[in-house]
Amino acid sequence: MKHFFMRQMYQKGGKSMKKRVISVLLCAVMVGTMLAGCGGGSGSGGSDDGKAKSSGKAEDFDWKNYDGTTINVMFNEHNYSKAVISKIKEFEELTGIKVEYSSTPESNYFDKLNTSLSSRSGTPDVYMTGAYQVWEYASAGYMEPLEDYINDASKTAADYNYDDFISATVDPLKWDLVPGHAVGEGSQWALPMGWELNNLAYNKKVFEEKGITVPTTTDELLETAKSLNEFNGSGSYGIAVRGTREWATIHPGYMSLFATWGGKDFAIEDGKLVCQLDSKEAIEMTDYWVKLIKEAGAPQWSNYTWYEASSDLGAGKAAMLFDATSAGYFQNYEGASDQSGNIAWSTIPLPEGKTEADMKANVWIWSLAMNADSKNKDAAWYFIQYFTSPDYMLYAGTDGASPDTPRTSVMESDEYKAIVGKADNYLESIDVLSKNATIQFTPQPYFFECTTKWAEVLQDLVLTDKYSSTEDAMKQLKKDLDTIVSDLEVSE
């Protein structure tokens, strides 16, 4: 997955053009949202504080208001999207809105989506995205702000209950478009389908048979993982983590432990973003991660996405998995894999000197967003509204096999607890991790370029002798990332 279209656009005119384009984009987005707010049925605009100014009347809301409209939706192939697709016919019957959709494997989904959005054709009307993509897509003017739709009683059902969303799932989808500023302020650019924390999943049957206790520190994790090499014959190994040469390798287990260790990617200094990857914490944590992979990781680690890593846990090839909460869950429900029912969850192993208060989980949020160029914005909003509603979310979190619900009412329901709670310590680990769960990265529009470069360095440290040490590699990476973000001027 490559997200370099913003960078390519900026590079056309050199640094002065890049600064000018960022300024123009931000102005265009603000002007566009103000104009859209006056546009009646064509859509609603965002406001700087993320609060609606609408005065729509509840009696004007009707699920049939856009009967006969056709919308186009793009999905990444995932359990979350499968659950939505299974209910599209019901949505069409309720609303009279016809839905045309595509579902694309994650390996090339974002490339396809980038091409569609940059064409400015208005297709797709709705698309599935992650929280980090907001920093590029919203900055480029490819996302419609949603807060005025949410708060317009004539466009949103009375029982939608926005306040029911877990704050850690909706706040990271708000941003003020200022590079370096934290998420949680500004427009609501998307709404969550489901979220993923990152923790340690393990084969409890193997641990019981071998009399092994679950590691709670990083030292214990390394020793335990090493002791489990070939636990199930040749080719089996201690711990599965991602390893491909792309951004997705950095954001799950690695970034969660990185933040818990005390590492930061960037800081704002004198109005500029300055990379922090040469810090003591960043170097120590990366050195540890490299050892973990070399001494107890998959033989083909460099080809591993979440799918390969979680599949190895389910197949009995990996004894542990450090990745998204749901990655192991998808292997554990009845009939899902060879090891279904044998998987349990723990929290993030703590580095020496750290306590549970220091524990941080990085967050990934699969979301639904509206194309700012859509010609069918109100019908698109009906789709997003329906498939993020409490009733739908209860289905998705239970029968829809989408375990990490973004809604409090679902999380607290007996139906949800009865199904998801069967997974050993799954809900308990989420409860612990969610206390300090958020996006641990610094929001900025070159996120994907920076994290892909980061993953390249990680691969080089594991597979080659390119660098004399982890410290040498991270110092060079710091220089490279400083160069990438050098044109971004930010405020404290």
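Results of the ring-ring contact (aromatic ring centres under 6.0 Å, His included) test with Tyr386 over Phe91, Tyr395, Tyr160 single out Phe91 as the only residue that passes.
Side chains of Asp358 and Thr260: a donor-acceptor N/O pair is absent below 3.5 angstrom, by distance only. Residues Ser337 and Gln339 bring no donor and acceptor atom of their side chains to less than 3.5 Å of each other. Thr325 and Asp404 form a side-chain donor-acceptor contact under 3.5 Å, judged by distance and modelled atom types alone. For Asn79 and Ser402, the side-chain atoms include no donor-acceptor pair closer than 3.5 Å. In this structure, a donor-acceptor pair under 3.5 Å is present between the side chains of Tyr237 and Asp312. Neither side chain, Trp247 nor Glu449, offers a donor N or O lying under 3.5 Å from an acceptor on the other. For the residue pair Glu308/Asn303, the side-chain donor-acceptor check at 3.5 Å is not satisfied. Between Tyr142 and Asn114, the side chains place no donor N or O within less than 3.5 Å of an acceptor N or O (distance only, hydrogens not considered). Side-chain contact, Tyr307 with Glu106: no donor N or O sits under 3.5 Å from an acceptor N or O. For the residue pair Thr216 / Glu220, a side-chain donor-acceptor distance below 3.5 Å is found, with atom types taken as modelled. Between the side chains of Asp472 and Gln476, no donor N or O sits under 3.5 Å from an acceptor N or O.
For an aromatic pair to be called close, the ring centres must be under 6.0 Å apart, and Tyr288 with Trp261 satisfies this. Taking the six-membered ring wherever Trp is involved, the centroid distance between the rings of Trp364 and Tyr132 falls below 6.0 Å. Taking the six-membered ring for Trp, Trp175 and His181 have ring centres at least 6.0 Å apart. Residues Phe441 and His251 place their aromatic rings such that the two centres sit no closer than 6.0 Å. The distance between the ring centers of Tyr80 and Trp195 does not fall below 6.0 angstrom. Note: Tyr254 and Trp454 meet the aromatic proximity criterion, with ring centroids under 6.0 Å apart.
With values rounded to the nearest 0.5 angstrom, Phe387 atom CZ is found 9.5 Å from Ile85 atom CD1. Between the CH2 atom of Trp301 and the NZ atom of Lys294 there is a distance of 10.0 Å, given to the nearest 0.5 Å. Annotation: the span from Gln459 atom CD to Ser302 atom OG amounts to 5.0 Å, rounded to 0.5 Å. Between Ser256 atom OG and Lys360 atom NZ the span is 11.0 Å, to the nearest 0.5 Å. Rounding to the nearest 0.5 Å gives a distance of 7.5 Å between OG of Ser389 and CG of Asp159. The OG1 atom of Thr398 lies 12.0 Å from the CG atom of Asp414; values are rounded to the nearest 0.5 Å.
In this structure, the side chain of Thr249 engages the main chain of Thr244 through a donor-acceptor pair within 3.5 Å. A donor-acceptor pair under 3.5 Å is absent between the side-chain atoms of Ser86 and the main chain of Val84, judged by distance alone. The closest donor-acceptor contact from the side chain of Ser409 to the backbone of Pro390 lies at 3.5 Å or more, if one exists at all. No donor-acceptor pair closer than 3.5 Å links the side chain of Asn203 to the backbone N or O of Ile343. Between the side chain of Ser236 and the backbone N or O of Gly233 there is at least one donor-acceptor pair closer than 3.5 Å. Side-chain atoms of Lys317 do not come within 3.5 Å of backbone N or O of Leu313 as any donor-acceptor pair. Panel note: side chain Glu147, backbone Gln188; a donor-acceptor pair is recorded below 3.5 Å.
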Take Phe322 and Trp289, measure what ring-ring contact (aromatic ring centres under 6.0 Å, His included) needs, and give me the verdict at the end.
-> CA-CA 11 Å; Phe322 198 165; Trp289 198 255; 5.7 Å; yes
Worked check of ring-ring contact (aromatic ring centres under 6.0 Å, His included) between Phe330 and His78 = CA-CA 10 Å; Phe330 295 149; His78 194 281; 5.7 Å; yes
Could you walk me through whether Asn199 and Thr347 pass the side-chain hydrogen bond (donor to acceptor under 3.5 Å, both in side chains) test, one step at a time?
-> CA-CA 5 Å; Asn199 62 354; Thr347 48; over 6 Å; no
Run the numbers on Phe207 and Tyr202 for ring-ring contact (aromatic ring centres under 6.0 Å, His included), then give the verdict.
-> CA-CA 8 Å; Phe207 273 56; Tyr202 62 97; 4.9 Å; yes
Test Glu136 against Tyr446 for side-chain hydrogen bond (donor to acceptor under 3.5 Å, both in side chains), laying out the working first.
-> CA-CA 7 Å; Glu136 287 197 0; Tyr446 301 150; over 6 Å; no
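Of the charged side-chain nitrogens involved, at least one lies within less than 4.0 Å of a carboxylate oxygen, so that Lys280 and Glu284 count as a salt-bridged pair. Ionic pairing of Asp482 and Lys479 is not present here: no N-O contact between side-chain nitrogen and carboxylate oxygen is shorter than 4.0 angstrom. For Glu208 and Lys205, the salt-bridge test fails: no basic side-chain N is under 4.0 Å from an acidic carboxylate O.
In this structure, the salt bridge (Lys or Arg N to Asp or Glu O under 4.0 Å) partners of Lys466, at least two apart in sequence or on a different chain, are Asp460. Take Asp323 and apply the salt bridge (Lys or Arg N to Asp or Glu O under 4.0 Å) test, not counting sequence neighbours, and it matches Arg242. Listed by chain and number, the residues in a salt bridge (Lys or Arg N to Asp or Glu O under 4.0 Å) with Lys475 are Glu471 (sequence neighbours excluded).
More than 12 heavy atoms of other residues, nucleotides or ligands sit less than 6.0 Å from atom NZ of Lys478. A 6.0 Å sphere centred on CD of Glu209 holds more than 12 heavy atoms belonging to other residues, nucleotides or ligands. Summarising the local packing, OH of Tyr467 is surrounded by more than 12 heavy atoms from other residues, nucleotides or ligands at distances under 6.0 Å. Counting heavy-atom neighbours within 6.0 Å of Glu356 CD, excluding the residue itself, gives a total of 12 or less. Under a cut-off of 6.0 angstrom, the local environment of NZ in Lys226 is crowded, with over 12 non-hydrogen atoms contributed by other residues, nucleotides or ligands.
Heavy atoms only, all atoms of each residue included: Pro443 and Val183 are closest at CG-CG1, 3.7 Å. Counting all heavy atoms, side chain and backbone alike, Val485 lies closest to Cys450 at CG1-SG, 3.9 Å.
Relative orientation of the Trp135 and Phe447 rings is perpendicular, given thresholds of 30° and 60° on the angle between their planes.
Relative to the six-membered ring of Phe231, Lys210 misses at least one condition, a distance below 6.0 Å or an angle of at most 45° to the axis.
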